[in-house]
Each structure stands twice: as C-alpha cells, then as structure tokens.
Amino acid sequence: MRRTQLFLPTLKENPAEAQIVSHRLMLRSGMIRQSAAGIYSWLPAGHRVLRKISQIVREEQDATGAQEMLMPTIQSAELWRKSGRYDDYGKEMLRITDRHDREMLFGPTNEELITDIVANEINSYRDLPKNLYHIQWKFRDEVRPRFGVMRGREFLMKDNYSFDLDHESARHSYNKMFVCYLRTFARMGLQAIPMAADTGPIGGDLSHEFIILAETGESEVFCDKALLDLEAPGADIEFESDLQPVIDQWTSYYAATDEKHDADSCPISGEQLVQARGIEVGHIFYFGTKYSEAMGAQVQGSDGKQITLEMGSYGIGVSRLLGAIIEASHDDAGIIWPEAVAPWNIGLINLKVGDGQCDAVCEALYGEARRLGIDILYDDRDERAGGKFADMDLIGLPWQIAVGPRGLKDGIVELKRRSDGERSTLSIDDAKAWIAERAAA
RNA sequence: CGGAGCGUGGCGCAGUCUGGUAGCGCACUUGUCUGGGGGACAAGGGGUCGGUGGUUCGAAUCCACUCGCUCCGACCA
C-alpha cells in the first residue's frame, strides 16, 4: 500500500479524551475513531490488525476441530426468558423493540441462541461432541465504558460453545480450549497466564481467565515467576490426545487475580512471586447442564434414553486484544507490533521523493515485496524525513527500510527493527534478498 | 449508579471570573527556499463557541434546562 493512497489519519498530539496509552496510540496512529461512548469505527489500519488477530484466532480454533459459523447480533427476548437471563442480565443488555412491538436485544453473548440451535438440530449421541464458534460483534451496555477498545460497549468477540455427552468428554473439550488459548495468544506475541477464576453470572464450576501482564491492566494479579517463561504447546500438539498433563503443568504454578489472592495463604513469596497488573483477554468456562437443561438440549443415547448435554463456553476478546497487545508492546515513540498481527510487516521510507534514484530503488523494493505477497507500506509522501520516521515509529511496523540519497551514494539502504531499534545497512540486492526471506518465513 | 470535571476550526488549547461580536500552536491550501528523526519565510481557507430557552442595546462569557464526552469508585469479554 502506498501511503499517498492510504486513509491513515495520524495525530501528532494526544487527544484529550484518551487517558490510557493503547487508546492514545490507537487514535494517534489512525486505527480507530470514536463514534459514541465505548463505540468505535475501525479505520483501515485498525481494521487490518483486527482481521489479522481474527485470522489467528480462527486458525487455532479450526485446529482443535471447532467449526465456525455466524449467529446474528440481534436476538429475540423469548430465548433469554427461557434461560432466565432476560431479567438477570439487567441494564447491561441493550433491549430493542421492533415495529411490531416484539422485544429484541443486541446480543451480549450467545449461550441461549446456540443451545437453542443445537437443541433443535442435534438429536443423537452419534452427532456429538460438537464445538461451534463465531466471531461476532457483541454489545454490553457498560455503566462506564473506558480505556478505548479495552472496555468498549460494542466489541468483537470470538465465542464458542462445546456440547458433550458426559462430564469426562466435556472436560476434554475444556482442555482443548485451554491449550488452544495458550497457542492463540502465543502466536500474537503474548504470554497469557491462565488463572483460576470465579464463574460469575455464567455459572458452572470450572473456569480460567487468560491474563496478560501490562502496567495499565485493569486488575491486580499475582503469579509464580516460572509462568512467565513457560512455553505454549507447539503446532504439533495432538488435540485428541490426553491434554491433562499440559493443563496440570500450567495450573501447578500459583496464579490468582486479586479477588482470589490471599497474602497469608499464598504458597510462594519473595522473588518467585510476581505482582503485576493484568488484562483479561480470554475466559473459558465449563458449566455442565445449566443452559442445556433450560433450553431442552438433549439427545437420545445408545440405550434409548434422553441425555442432557454437557456444555462449556469460551471467549476471546478480539477487539480488546488490540488494546492489550499495545499495552504490552509500545514505547515512547509509539506502537511496537508483533509481526504476526502488524497491519503491515514492512514500512518503506523514501527519504527524498522526487530524487530519481531514491524513487527508482523504492519502486523496485516495493514491487518486489508486492510480488512476493508481503504486506508493505510504502511512504511515498513528499514530506521531510523526520516526520516520516516519527510516523513510522508511531504506527509501529516491525521493520523499516529507509532509502535516501546519502546511503544510495554508497549503494546501501538502512534496515531498522522497530522492537529494539537495531539498525543495519544492506546493499540494494541484499535488501531484495532480505525481503524474499521475509516472504519465505 | 454515587462523586468530580470538560464541551471554542481536523487535533491541542487561550478567552468565560470582570458581557462589546473569536484568538494561538499544530494540521490543511498555494508559492519559494530546503531536505536522514515532526524545517524556514510569505500568502491563504476553515469555527452560528454542544443544543434549546431566557436576561440584556449587546452573550463563547450571566441564568435555566438539556445533550454529549472524560476521570475516580462499585460492576464486567
């Protein structure tokens, strides 16, 4: 993408309403604009990241055998009356009336709807287990939206729901998602720490929050230092195998949010105990038959008897992850995108637009990257160098290639890694080769 | 939902107390000089001061109501 063509309104100054660093940087780097309290428009750069994160989530879900579908944002109140949550959910639920005075709502989550679908369409034990997910906008009318996309009212969430015949099988479904989440967050460059959690209004008796550490996190968390170095399972993990050893490994270390932490009974102390702030990016629940019973989700077993389904639900805050990643990865100059989610992987800076040689080399490098299918942003604006460097740092692309007359005199261009600022010089041919390596990686 | 604060060109702000018809920086347009970490000079464009009603000869400024947004606390992917 050429910068002159791109809609990327960056800001030099911090908007007054943004207090938290990720919110400031998302506004300044032209990713989002606010349209109402807790409701945002996603501009091209932000939307690209949102898509990349969604895609990683999707690939990791698919790897477990979960199947993607798409349920509507608007639901009927009737379903929610069945589960009893129409009244329980309170004012957080945005309620709507259609032209026929039918009561509708903007879905804050989908247990009722998916359970209703499964109850209607699955009738035999032979059709289980099933794990169904979608990535869809949710709306929760938060009392106090804040922190940009980290606590918006409208947010993009991946939610899925597992349906099993018995507790043991349901437990395996839960374990699959546990492992899947470790992998999903690791692919985004995040160390997410699973912490035993209260099950809250969703109910049930087995639940973990996945929390990443960041100074501006919403809640205080405590965990064993060893967790920070644990490696997520590799892509070769076999999801149908017994995953309990992996779960046991991760849950053997102490990890607790402040409401569960008790300084007196905490088994670790001193250097081994990390006290930090955390952002919840995922949450998994096993809740048995809570919804299947209410919604009548049963199948016929091999013995002819009706079996009420065992369920779990699993959520990842996709739009929240953008804020969370920025909170965990930025510096004074701007965002530092992990490669896997960066809106573009390479930023190409033409330091002197109009100079024949600079233009020619930039066009050659840009063309090469495009040919190889690499996401590259070419800053071809006729601006001064300083502004372009500053803008590129702000946007936070992992790699910057600077092409200017000074270097070209010696036949070289400069390569900079955003994460640590490390620079190196490359000949033009080496730069092309380097780009080709990125494509192969 | 309790407490606090803020709405003035795209962004950041001054002006409000003490009423006299809107200003600064950045951004934007045009030109010249420049050109490796947000440059200089010159000339421009853009705002019914959140809205409604009131007081007044006159309201960004005073009064009332209202809408929106932000922050702190209690609640949450």
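Below, read A as the first sequence line, B as the second, and so on, with proteins coming before strands; counting in each chain starts at 1.
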A:E68, CD atom: more than 12 neighbouring heavy atoms under 6.0 Å: yes

A:W337: ring-ring contact (aromatic ring centres under 6.0 Å, His included) partners, not counting sequence neighbours: none

Touch class at under 4.0 angstrom, heavy-atom based, for A:P9 against every strand present: nothing

Under-4.0 Å side-chain N/O to phosphate OP1/OP2 contact, A:R146 with B:C69: no

Listed nucleotide nearest any side-chain atom of A:K352, set B:A77, B:C71, B:G35: B:G35

Sugar-phosphate, base or nothing in reach of A:A18, heavy atoms under 4.0 Å: nothing

Sugar-phosphate, base or nothing in reach of A:D355, heavy atoms under 4.0 Å: nothing

For nucleotides 40-43 of chain B, tabulate all protein N/O to nucleotide N/O atom pairs closer than 3.5 Å, reporting atom names and distance.
none

Touch class at under 4.0 angstrom, heavy-atom based, for A:K409 against every strand present: nothing

Pairwise side-chain contact, A:V49 with A:M31, heavy-atom cut-off 4.5 Å (strictly under): yes

Nucleotide of B:A77, B:G12, B:G36 approaching A:A16 most closely (side-chain heavy atoms): B:G12

Sugar-phosphate, base or nothing in reach of A:G38, heavy atoms under 4.0 Å: nothing

Aromatic ring pairing A:F287/A:Y291, orientation class (parallel under 30°, perpendicular over 60°, tilted between): perpendicular

Sugar-phosphate, base or nothing in reach of A:A390, heavy atoms under 4.0 Å: base

OP1 or OP2 of B:G37 under 4.0 Å from side-chain N/O of A:Q400: no

Touch class at under 4.0 angstrom, heavy-atom based, for A:D393 against every strand present: base

Any A:R384 side-chain nitrogen or oxygen under 4.0 Å from OP1 or OP2 of B:G39: no

Nearest-0.5 Å distance that lies between atom CZ in A:R320 and atom CD1 in A:I212: 10.0 Å

Test item: A:Q400 and A:D393 side chains (from C-beta on) under 4.5 Å apart, heavy atoms: yes

Which atoms of nucleotides 26-32 of chain B (N or O only) lie under 3.5 Å from a protein N or O atom, and what are those distances?
residue : atom : partner : partner atom : Å
B:C26   : O3'  : A:K12   : NZ           : 3.4

Sugar-phosphate, base or nothing in reach of A:N110, heavy atoms under 4.0 Å: nothing

Euclidean distance, atom CG of residue A:N14 to atom P of B:C69 [Å, nearest integer]: 21 Å

Side chain of A:L11 - closest among B:G73, B:C11, B:A77: B:C11

Any A:I346 side-chain heavy atom under 4.5 Å of A:D375 side chain: no

A:A37, nearest nucleotide to its side chain (from B:G36, B:C11, B:C69): B:C69

Quiz item: cation-pi between A:R95 and A:Y86, 6.0 Å / 45°: yes

Residue pair A:D331 / A:I336, side-chain heavy-atom distance below 4.5 Å: yes

Touch class at under 4.0 angstrom, heavy-atom based, for A:R33 against every strand present: nothing

Per A:R140 side chain, nearest of listed nucleotides B:G37, B:A77, B:G38: B:A77

Touch class at under 4.0 angstrom, heavy-atom based, for A:Q34 against every strand present: sugar-phosphate

Aromatic ring proximity, centroids under 6.0 angstrom, A:Y40 and A:H23: yes

Touch class at under 4.0 angstrom, heavy-atom based, for A:G386 against every strand present: sugar-phosphate

Sugar-phosphate, base or nothing in reach of A:K138, heavy atoms under 4.0 Å: nothing

